[in-house]
Structure formats: C-alpha cells, structure tokens
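See structure below.
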Protein chains: 2
Amino acid sequence: MLKAAVTIHDVAKAAGVSIGTVSKVLNNQGRFTEETRIRVRQSAESLRFQPNALAQSLHQKRSYTVGLVSRDSFGRFSLPLLEGIENALDPARMAVFVCKPTDDPVHERRHIESLMAKRVDGLIVTSRRTDKRPPVDLAGTSMPVVYAYAQPEGSEAVCVLPDDRGGGQLAGQHLLCLGRTALAHVTGPEHFTAVRERRQGFEEALREAGRSLDPDWYLSGPWSEAWGHEAVGRLLEHGPRFDAIFCGSDQIARGVADALRERGLRVPEDVALVGYDNWDIIAAATRPPLTTIDPCLETLGQQAASCLLAMIAGAEATVPRVIRHPCRLVVRQSCGGEALL
Amino acid sequence: MLKAAVTIHDVAKAAGVSIGTVSKVLNNQGRFTEETRIRVRQSAESLRFQPNALAQSLHQKRSYTVGLVSRDSFGRFSLPLLEGIENALDPARMAVFVCKPTDDPVHERRHIESLMAKRVDGLIVTSRRTDKRPPVDLAGTSMPVVYAYAQPEGSEAVCVLPDDRGGGQLAGQHLLCLGRTALAHVTGPEHFTAVRERRQGFEEALREAGRSLDPDWYLSGPWSEAWGHEAVGRLLEHGPRFDAIFCGSDQIARGVADALRERGLRVPEDVALVGYDNWDIIAAATRPPLTTIDPCLETLGQQAASCLLAMIAGAEATVPRVIRHPCRLVVRQSCGGEALL
DNA sequence: TTGTATGCGTTATCAA
DNA sequence: TTGATAACGCATACAA
C-alpha cells in the first residue's frame, strides 16, 4: 500500500474521461459508447487497476467480509469447519477474518469489537464442543450471527449442530443390521452434551430392535486412546461376551482395537467396532481401518455459512433457528460387511 | 451494518461539539478542555461508538490487516502456524484474512487480487511442505510478503523455514548420547526437501561420532504408519541388529513402534525410537510415548509474522532473507534416558 | 480551545 | 453519452 496504488483518477486521466465514466464502465452501469468502453477498459487493464475495496465498502455499507470467532482454541474441528465455510463464502466473494480463539470473555469481546469496527457483514462463532455457552456480545447491534458446532444459551441465535443423536442411532443400526446382538458402548465424559446425545441415539436404535444397553457395557471416560485400551479390560471382566462396541470417538476406538488384538480377539470376526469422527489419520491407520460415524463438519460449516449469507441478504426469516446436520456412516473394515454396499 | 451504525457525527451532536473535536478527543490529539473531554467520551461511550475502520483505513492508507494465503490445503501444519501468526499479530492489533487454500494458480491469483483490493498491509504465504514453489504474483506492487514453511523459487522474498537439518542432527546426537551405536533411519519420500535435509543432519551427527549410516538401514517410503510397520520387516531381514531408529515422522514412528512390539522387541530397551513432528495426538498415544523432534511451527509462524510486521513498518532491511527456525528435542519415553534431564 | 474544510477512493445522482 | 458533485466516515491542517 506504500507505493501509491493506482486509483480511478489515474485510469480516468489515462483514458481521457472523467472518473464517473470510468466507474460506470467498470461496473457496467448506465450507458456509454462502445469506444469509450474499450478505451477505459484498456487503460484500467494496462494500469492494473484494482478498485479500493475499502472505499467501496465505505460507500456501499457492506464489506463482503465475515468474522470467524472461535472459542476454545483452533483444533481439529476448526479446520474442516473453516474449509466448509470458505467453500460457501468464496463463490459469494466474501473474505473471512479469523480471530485467535480464546476462552477469556474480555479478549473475545475485544475481538468482536475489532470485527465490528471493520464492519464485517456477519459473524460465525465456532467451538470445539457443542455444549451451550454464553452468546457473543453484539453490543446491541443487529449483526447477523450463526453458531457453528456451538450453541448459545438463552438466545434466539441460529445455530447449526451435528445430529449426534442420529449419529449414535446410525452406529447402532449398522451393528444390528450386521447381526450383532451384544453391544457395548465406550465413550467420553458425560458432561459433554455430545456424549449423552450419541448414547441416546444408540439406545434408541437398540430399543427399536427390542434390545437395550446393558449398564455393565456402558463405559464413560476420557477422550483418549488409553481409555479405550483400559475400557476393554473392564469389559472383559464381565462374564458374557459382547460382539460389538460402539466407541464415542475414533481415538477411543483405536485404543479398543489395539487392546482387543493384544488379547487375541479379532476385529471384526469376534468384535465389530464403530468409531466416531471419521478422523482420517486415526480411522484409516487403525488395524483394521475403522468403520465410523462422520459428523460431516465440512458440510456443516458450509451450511452455517450459507445461513449467514441468507441472513446478510435479509432473508433472516427463511433460516431455521437450529439446524441438526446429519451424520454419515463411513464403512471401512472394522465391522466386516463392507461387501453389503 | 444494516441498522445505521453510529458515526462520529452522532457523537458530536450528542456532545454538542463538532466532529473535529470528537476526533481529537478520541485520539488524544491536540488540545481541549477537560470538560469537553469528559462530555465527548461520555457521549461516545453511551452511544457505543465504534470508529469505522474502513474509513480510518481509507484515510490512513493502512488497513491493519494481513492476508494469509495457503497452498496445498489447510492441514495439520496450518493450525500451529496460524496460531503463532496470530500470537504475533494480535498485540499489533492486526487482523488476518484467510484464503481457501488451493493448488490452482488461477484461484490463487484471484485470492491475492482480492486481498490487494482490500489493501492488506502484507501477505504471509504458507504451504504444507517446504519445497520450492513459484512465488505469488504481486502484480508489480511492492507489498511485503513472507513465506512461512514455504519457499519461493528464484525470488528474493524472505522466508522462514524449519531447520530440518538441525532436527536430524538433534535426533542423531540424542541417540548417540544415550549410547546407541547401530542407528537406522526410516523416513518419507525422497522428493521432499525435508526428507533429504533431515537425513543430512542425521548423517552429520553420525559422522561427528565417527560413524556412518548403513545403506541397508536407510529406508524411504510413504508418510504413513503402514510404511513404518512394513519398514521394520525389511530392517529385520538384515542380519545385524540395529538398536535405534530415527523416523522421519511421528506417524512412521508409531507404525514402527507397533511392529517392534508385535515382534517381541522392546522399546526403548532393545530399540530406541525418535520421531519427528511432535504431533501430540500421535506421539503421546504411542506406546511408549515418543521422544521426537518438534519443528516448533507455532514459534515459526510467530517469527514469520514478526518479520512481516517489521517489513510493514519499513524496516525491510533489518530482516534476513532466509531464516532457519531451530527445532527442539522433546523427550518422552521411546529412547529411555528421560532421567538424564 | 473549537469548528470548518479538505482529502481518502468509490459510487450514484443529476445536469449538461 | 458524459462530467461535475455529493455522499460514505474519519483525520487533520488551518482558520476562527
């Protein structure tokens, strides 16, 4: 920006017309001779003219920019979300500002203010867990906001969330379909909404098949491979043998798979395994590769961005308050049955 | 932005002064009575006045904004890099635009143009590998650019890269220090600059200890756990027994660790293992947890951003053309010897 | 000490 | 068809 950027005045001078004419030609607005059109376009071209978006935005009261504020650190969830968001925003020629995530409300506040000062057209708020959190402070403005993979408490804001219940159900149904009858569930900490919802869905699937989840076969613990490992030991303490385990995350599933193998149990012959996340680097490297539930974070992000776009366009009324984004079953080899597809 | 944002005029009216005065007070510029100071500040406060950054930037010819253009997809490298970049930029009150990464020069071109139109103060270009790539097209402007974890070919641009050679050296020295004498190296594809540099550093360490890398003990393959697994088999075909393996990535190391254990070889008692990346989710979950080389991507990003800041401030001359960011040895349990620390 | 006027780069209205 | 000119919101030099 130091080397005096070329402005519309430069183009006008070069083309021998007024700035008004240049503006019209470049925006295909109003009428003008074919000849001036060519002259203007050529001058603009040769000068490598780039209209100053700052000036445009100032005038249009629209910046073609959205802010992405992330809570709880950038993590593995942010990436696919961001990917999806950009996929939706890019065609609309909107750029995105990212903010260093923070748990501190004061910092968050500062970031939001900075974003508002830059007159972003809207905000997307993400998190690394779907539990309710205080909504962002909009300082009384009516800036469009959508929460993606995040949920504001006591607010009418629109949010798009993964359908964790549906994911659990999908896992249960798949296992049941394959003829498994003794299903266990090893998952994360119960204070996660996601943990509770996934289990509900799983139990629902069992119920529909006239079964239920044996309390001895439900284990909640940390989100780690080590926990999966340990859980297998606990499961094995109980007499009757399970023939399938639905895991609350791919990491847990991987720990489970390793532990099973080390104890001489075969996957999927003896025990079928379903993971959760479809975190490629884990799921594909597990032996055998994990059949898992994909929360489809990328399309979720895309949908969130689309909603925001609609709101910015003034179609606020058309977008639902809370959207449950469906999960997808990804079949690899940990349940067998891939031939069925 | 729809609900007519409050402007400096509103504040002026509320405070009963002119906009010039408001501006001066709010920016602590020039002189004014304590009384008007209070009145203005109060009005601004109660109106929740946020100066329009667009207008400010237009005037100052400075947007306090940088563009982050990423090639080759957002990946696990982008996150720590981005984290570091924001850490450095946030205190300077600069915001960052991210661009959907792409390999397509045409799309990249469009993104850069969009960024330039928004009058970003500078650009950071990242990649997921350090190999040389064509520089970004700046359209003849003198916009400050720094390449982070990326390298432009035939360009004088500044770039900051991990010191992969140093990383390899660190690994070798550590193993040697612990008394290992028969060192193998299982790494990624040789067309990666990083693979070649890490090996060079490793060999250098061996050389300094009067040893050299046995060609039979050097194996190059894909960046995967499966390859680590397979490599162990190959290594074992050769008669003499190695007592340490330096792996080109944590993923490879994990595959190696699993294979070793399955063949009854103990880590670190029989074989010491050093990984590369310090990718927590892999390194910490490996059994035993991996001692590994940390390329310190976060501080690398931070340094890149600091350089950019310096360049934007006009101190271009003070920043070196290419910076090699040092790696760090992270000791866990795969080499033993943690007691030494 | 305070207010007015000008410029920043566009777009848009309205005469010419 | 084209060219002045007035916003847009702010900062600042200069006049009052």
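Naming convention: chains lettered A, B, ... in sequence-line order (proteins, then strands); numbering from 1 in each chain.
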Taking all non-hydrogen atoms of both residues, which atom of [X] and which atom of [Y] are closest, and how far apart?
{"X": "R71(B)", "Y": "V136(B)", "result": "NH2-CG1, 3.5 Å"}
{"X": "L54(A)", "Y": "S57(B)", "result": "CD2-CB, 3.5 Å"}
{"X": "S78(A)", "Y": "S70(A)", "result": "OG-OG, 4.4 Å"}
{"X": "D90(B)", "Y": "R110(A)", "result": "OD2-NH2, 3.8 Å"}

Next on the checklist: Could you measure the distance from the NE2 atom of H325(B) to the CG atom of L297(B)? Nearest 0.5 Å is fine.
Outcome noted: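 If we round to the nearest 0.5 Å, H325(B):NE2 and L297(B):CG are 8.5 Å apart.
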
Next on the checklist: How bent is the helix from dT1(C)-dA16(D) to dA16(C)-dT1(D), measuring the angle between the end axes built from five pairs each, rounded to 10°?
Outcome noted: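 Inter-axis angle at the ends, rounded: 60°.
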
Checklist entry - Just by protein heavy atoms under 4.0 Å, how would nucleotides 2-12 of chain C read 5' to 3' in B, S and -? => result BBB--BBBBBB

Next on the checklist: With a 4.5 Å cut-off on side-chain heavy atoms, are I112(B) and D137(B) touching?
Outcome noted: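 Not in contact.
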
Item to check | D10(B) CG to dC8(D) C1', straight-line distance once rounded to whole Å | outcome: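 Nearest whole value for this atom pair: 13 Å.
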
Item to check | Nearest-angstrom distance from the residue atom CG of L26(B) to C1' of dT12(D) | outcome: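 It works out to 15 Å between those atoms.
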
Checklist entry - Quick one: does Q302(B)'s side chain have a donor or acceptor within less than 3.5 Å of a partner on A88(B)'s backbone? => result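 Side chain of Q302(B) to backbone of A88(B), a donor-acceptor pair under 3.5 Å: no, none is there.
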
Checklist entry - Looking only at atom types and distance, does a side-chain atom of R39(B) sit under 3.5 Å from a main-chain N or O of A15(B), one as donor and one as acceptor? => result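 It does hold such a pair.
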
